[in-house]
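Just so we're on the same page: letters track the sequence lines, and every chain starts at 1.
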Amino acid sequence: MTTTAVGREVTYLEAISEALDEEMSRDERVFLMGEDIGPYGGAFRITEGFQKKYGEWRVLDTPLAESGFVGAAIGAAMMGMRPVVEMQFADFISCAFDQITEVAAKNHYRWGAAVPMVIRAPFGGGVHGGPFHSECPEGWFFHSPGLKLVAPSTPYDAKGLLKAAIRDPNPVIYFEHKFLYRRIKAVLPTEDYIVPIGKAEVKRGGTDISVITYGAMVHLALEAAEALMKEGISLEVVDLRTLMPLDKETVFESVRKTSKAIMLHEDNKTGGIGAEIAAQLAEECFDSLDGPILRIAAPDTPVPFSTPLEEYFLPKVSDIVNAARKLAAY
Amino acid sequence: MTTTAVGREVTYLEAISEALDEEMSRDERVFLMGEDIGPYGGAFRITEGFQKKYGEWRVLDTPLAESGFVGAAIGAAMMGMRPVVEMQFADFISCAFDQITEVAAKNHYRWGAAVPMVIRAPFGGGVHGGPFHSECPEGWFFHSPGLKLVAPSTPYDAKGLLKAAIRDPNPVIYFEHKFLYRRIKAVLPTEDYIVPIGKAEVKRGGTDISVITYGAMVHLALEAAEALMKEGISLEVVDLRTLMPLDKETVFESVRKTSKAIMLHEDNKTGGIGAEIAAQLAEECFDSLDGPILRIAAPDTPVPFSTPLEEYFLPKVSDIVNAARKLAAY
Amino acid sequence: MDAPVVAKDIKRTDLLQMYYYLRLTRTLEDRITALYRQGKIVGGVYTSNGMEAISVGYASALERDDIIAPFHRDMGAFLIRGITPGEVIAQYLGKRTGPTKGKDGNVHIGDLKRGVIGFVSHLADNLPVATGAALAFKLRGESRVVITNTGDGGTSRGDFHEAMNFAAVRKLPVVFFCNNNQYAYSTPLQLQMAIRDVADRAKAYGMPSEIVDGNDVAAVYLSAQRAIRKARAGDGPTFIECKTMRMHGHSEHDSAKYVPRELLEEWKKKDPIVKAELTLTQLGYANEATFREIEERAKKEVEAGVEFAEQSPLPEGPEALEGVFADEHEVKP
Amino acid sequence: MDAPVVAKDIKRTDLLQMYYYLRLTRTLEDRITALYRQGKIVGGVYTSNGMEAISVGYASALERDDIIAPFHRDMGAFLIRGITPGEVIAQYLGKRTGPTKGKDGNVHIGDLKRGVIGFVSHLADNLPVATGAALAFKLRGESRVVITNTGDGGTSRGDFHEAMNFAAVRKLPVVFFCNNNQYAYSTPLQLQMAIRDVADRAKAYGMPSEIVDGNDVAAVYLSAQRAIRKARAGDGPTFIECKTMRMHGHSEHDSAKYVPRELLEEWKKKDPIVKAELTLTQLGYANEATFREIEERAKKEVEAGVEFAEQSPLPEGPEALEGVFADEHEVKP
Ligand SMILES: Cc1ncc(C[n+]2csc(CCOP(=O)(O)OP(=O)(O)O)c2C)c(N)n1
Ligand SMILES: Cc1ncc(C[n+]2csc(CCOP(=O)(O)OP(=O)(O)O)c2C)c(N)n1
Ligand SMILES: [Mg+2]
Ligand SMILES: [Mg+2]
């Protein structure tokens, strides 16, 4: 576990670890379940040292059975606990799909039972993981009423959103991007804080084009914005942070201002979250639009393994730059 | 099993039954698996009499285990069989989600193994089924590259698309709408025919507004079109028929002509297929649009059970009429 | 063992109470079936006809604070947990006074205040959930237990396996009942599994199991009691297979032609109500008059329930939009 | 039974051939590990170090037309099915000449022409798939069989349960191997299941099982042979638990500190290659010179494979878009 002195920089990964540690200290209802999270500290070492501190029941190594332990988390949550389960990789969440969509998502609507639980899902590519260790599964769950989805892009949000997720009375899937784990750092406040679920953030103000994005792609958008500034194109970058419920207000406000929009995500293009936001804009902000709504996303294939294939597959800064130029010229 | 004399009218349900029967006779690689499809003939009696005709191995009653029998279908398909599995209700497909999205959908991309199989999924509401017997799960699978999805709205398409699905070298999910089973009839050709996968159909030509829809909603759209004609509003109704791959050409052509579009589906609104099509239109037909792209869909909740709730939940003809009026006035 | 020999370990009042609930369950489900035939029911009807002893037996062995995660033939358990016949019928009619306020139907009854985890159609899905409830009790050092139930059919699903295994590894205070009525819908046992006793499933998990006569409420009760005691003492889960027979069709629209008539005839003789009456009579705990009196009481309660339900309001359309997300105050403290 | 006593039922050439594949597997995986340490490998590395006898043993017992659905520690089986060391290394390097053309990595090798169903990371997912392949053979009246393998960890998943059950009910020609190396990643057996022998899992399905010394290639081979014969004769599936130990970390970046050193010391003595040499020597089938000669041969093949793989081209970016859907001509006739 990472303890941070005032002002010490922490990585995105350490921010997640800190949030878990602080919430477990603060609230004894919070406990962790997953594969290899105990003595081993998890595949990514997020819970390193936790079992020593909290014991083998609050940091509980499960059998290899995602449906079983997600189901168990639902049961414990309904009894008043606050379970946080770890998918070893987000990809394996497909094994627990039925429990998440049919049980966790619907219990409250059907019969009023709150299911306050969090599923941590290390997702995303750029790590040579291939088709089964790189997936972005958020699109599936976005289409299941009753779930909340968050996807932080910075250490600050990673910590604050995880705390908010743990304190939320609903099932929340927390998408943590593996590529960011050790690649970005930030100095975090020493006092307790949360980042509220349902609030997007304008990461960079701009006037010409809004880029609506989340997760690792936020950093690409910021890079592109920097590059485009030199060409006199001003990008506004909106980091959704919460994918469900969407912060329509912030998105709409941005697009009403710039009148042009690019959806950017690493998930497959067809049926991705960018499609929904584009549809909302086309329905509710049509009169403000001065050009087509462009989408930049991964193509509709599994995530390929080999380096040139994966590089081709993932959205790039140049894709954003090209799209912005096209739109600016519109 | 239903055998149709020349020109005899068959229901949507009988059309499905005929397609299965004819394909099983034509091609001995075709066989069926599912719960209670044998002596019982399936929950909806689609395979009534089949086991007598084809034996207990080609009409195979499985244990209650969707993941297991979908997995088995994948294995059999890779060995050159043409399995057709039945979900007793589409809702239970969540139990087989992992096999469908991770195994069936990705095998060919990953290592070149074709998986020619069909999953029949009786879906949709309006039958007092409640949250677990009324679902429209197509939105989830729409976001999984490697799957084909079809959803016929008429007996003709039901038969022709099922035959095409069985003959397709890929995993195809066949969404058959329960509400239509015994409610619509048609006289079908006596000779063998297929409805090609990937082709939408303009069900009714019109000039003012395009309604893009599929499944049971096609009939609502046609009703609305009839009603609106009296007001001088001309609706063009496009029946997608295939949900993946989408027939962009037909959709785009229609919208480029009418310049106004309504997406209509029974599935939940957020992240539904309507979102994707709206996004495509906003990206690729922006210059042709003369008004916002409206969406009519079920709200973002599970399907409620009680009659007034379900009626409120499902899209209605009046919703289409109202949307069309609004758009016409735009 | 003869039924009365077993049953003598049970207090007279307890046994009489179980008899009452057997009657109430039968009467209520028969009444719902009648309403169905009159076209008054929204959706399908699943009954526990012929199997009432199982849920009546296990639910009678529980304490107030315990939890059940029932399956679709556990009407007796609902009633014992305090769901009234009126609420059940209201649920079937889609009324706002049903436990799910019209959001869900028939046996999808859930109410945490009365210790009932709502059934999910997807069979076996609630078994992992039940282990999680038991885990919560273990984590907090509470001596509460969970009972869950599945059909023979449900034991073929992966979630059954994952739940059984987890419960055994962590010695959780949960009891798994299995209502082996020899069919899953139309599918006979031998097409579902290559074993004769579903109890053999438990061997894969190192979990102790019992096989009991599911039509003998006293036997079920005592078996539940043993397993509950063990669970409460921290000695882990038990799997209890109740041999029984589904006497109605799978649901009311199924005439169950696939079940051999002789099989039904044979089981008809083992009717749990008849069996309970025999036990009570042989023990000298009750006589025909008591039975008729209880039957009458059950009928009255059910009729009052019908009246309550029929007079209850339907929900209003826009209520469909409510309740997708929970508020903090709804979380169990 | 002493190893040689068992092994004498195996032909000398067959046993020598297995020894060769044990060596080839070890040499190849050691070389891949070395490449990993040099930073040349794309992604992770999983080896079967110390467990080579299992996949070498079972794959040696198969006929050409049979099918395997291996898991992530079955390198020996790939080699025996005819995947060359060069192709394996190319796969690890993401080269176009790997069996998946760079689309997938490491042990995710599939090739129907050589009877290999490609591994899916999601553990146990390929077990139902294996039953389906076996079902196809049964439907067509072919005498082919399928062998699939899982770790101890994978047996906790629902798909294991659903596959085992279905195979048993339908008496499908499939053999389930289980590579019980006592850990699933860092999780020891006792936190995975409340039984000591994974073979007990088979009791839930009425499926016969065997427990064999997974480090003795002759024992594994003979056990596979028995099960295959039974399957081919239409007598249904068998579950074979191979007791073994994972001698490397879970993958190359895992130092496996959680495994007690003494356990590794103990198992080091049972190394499958040493054991095979002992057997061959005791039977008088081979001597030190033969072993060194075979070792050299394996090294040469692996080096040739490294060369092939390193010189192979990477795929080009746009190939990422190819192959989402299959064409009709790709369907097996
Ligand atoms: C996962 C799943 N698949 C299919 C169904 C449809 N279905 C409802 S009840 C039933 C049979 C259940 O059999 P069993 O578990 O033995 O319970 P019984 O009805 O015999 O008491 C089936 C197949 C379902 N509810 N859930
Ligand atoms: C469904 C699923 N969950 C988690 C993982 C991550 N994972 C990969 S290997 C492994 C341990 C596997 O243990 P076991 O089955 O015993 O095989 P072993 O590696 O020990 O040979 C885990 C947890 C996975 N691959 N699939
Ligand atoms: Mg049953
Ligand atoms: Mg293992």
Exercise for the section: Could you walk me through whether D168(A) and E328(C) pass the side-chain contact (heavy atoms from CB on, under 4.5 Å) test, one step at a time? Expected result: CA-CA 7 Å; D168(A) 197 276; E328(C) 182 56 34; over 6 Å; no
Exercise for the section: I would like to know whether V324(C) and N170(A) meet side-chain contact (heavy atoms from CB on, under 4.5 Å); could you show each step before the answer? Expected result: CA-CA 10 Å; V324(C) 174; N170(A) 294 285; over 6 Å; no
Handout entry: Among the listed options G98(C), S121(C), G132(C), the residue most often paired with chain A at heavy-atom distances under 4.5 Å
Key = G132(C)
Problem - chain A neighbours within residues 105-114 of chain C, where any heavy atom lies under 4.5 Å away - result: H108(C), G110(C), D111(C), L112(C)
Completion exercise
Greatest number of non-hydrogen atom pairs under 4.5 angstrom with chain A, of L127(C), L172(C), N126(C), D327(C), falls to D327(C)
Problem - Segment of V174(C) engaging chain A (4.5 angstrom heavy-atom cut-off) - result: neither
Practice task
Check whether any side-chain N or O of E162(C) sits under 3.5 Å from a backbone N or O of S67(A) as a donor-acceptor pair, and report yes or no.
Solution key: yes
Completion exercise
If one checks every heavy atom of K138(C) against chain A at 4.5 Å, the contacting part turns out to be side chain
Handout entry: Gap separating the CG atom of L60(A) from the CZ atom of F166(C), nearest 0.5 angstrom
Key = 5.0 Å
Handout entry: R82(A), part contacting chain C, at a heavy-atom distance under 4.5 Å
Key = side chain
Exercise for the section: Identify which part of I117(C) has an atom lying under 4.5 Å from any heavy atom of chain A, answering side chain, backbone, both or neither. Expected result: both
Problem - Side-chain donor/acceptor of D104(C) to backbone N/O of R110(A), under 3.5 Å - result: no
Fill in the blank from the handout: In short, Q99(A) meets P128(C) closest at the heavy-atom pair NE2-CG, 3.7 Å
Handout entry: CE on M79(A) to CZ on R144(C), rounded to 0.5 Å
Key = 6.5 Å
Handout entry: Closest approach of V116(C) to W111(A) (non-hydrogen atoms, all atoms of both residues)
Key = O-CZ3, 3.5 Å
Problem - Heavy-atom closest pair, residues V331(C) and P169(A) - result: CG2-CB, 3.4 Å
Exercise for the section: To the nearest 0.5 angstrom, please state how far the NZ atom of K101(C) sits from the OH atom of Y109(A). Expected result: 12.0 Å
Practice task
Below 4.5 Å from any heavy atom of chain A, which atoms of D125(C) appear? Answer side chain, backbone, both or neither.
Solution key: both
Exercise for the section: For H122(C) and E102(A), indicate whether the former's side chain and the latter's backbone hold a donor-acceptor pair under 3.5 Å. Expected result: no
Practice task
For the pair T62(A) and R170(C), evaluate side-chain contact (heavy atoms from CB on, under 4.5 Å) and give the outcome as yes or no after the intermediate values.
Solution key: CA-CA 9 Å; T62(A) 63; R170(C) 292 289 174 173; over 6 Å; no
Practice task
Determine the option with the most heavy-atom pairs under 4.5 angstrom with chain A, choosing from V120(C), T131(C), N165(C).
Solution key: V120(C)
Problem - Non-hydrogen atoms of H108(A) and A326(C) that approach each other most closely - result: CD2-CB, 3.4 Å
Exercise for the section: Using a cut-off of 6.0 Å, state whether more than 12 heavy atoms not belonging to E253(A) lie near its atom CD. Expected result: no
Practice task
With a 4.5 angstrom heavy-atom cut-off, could you sort out which part of F119(C) is near chain A: side chain, backbone, both or neither?
Solution key: backbone
Handout entry: Under 4.5 Å from any heavy atom of chain C - which part of K106(A)
Key = neither
Handout entry: Greatest number of heavy atom pairs closer than 4.5 Å to chain C - which of N107(A), V115(A), L147(A)
Key = L147(A)
Fill in the blank from the handout: Honestly, the part of E28(A) sitting under 4.5 Å from a heavy atom of chain C is neither
Exercise for the section: Give a yes or no on whether E249(A) atom CD has more than 12 heavy-atom contacts from other residues, nucleotides or ligands under 6.0 Å away. Expected result: no
Handout entry: Reported CG-to-CH2 distance for the pair L139(C) and W57(A), which is rounded to 0.5 angstrom
Key = 7.0 Å
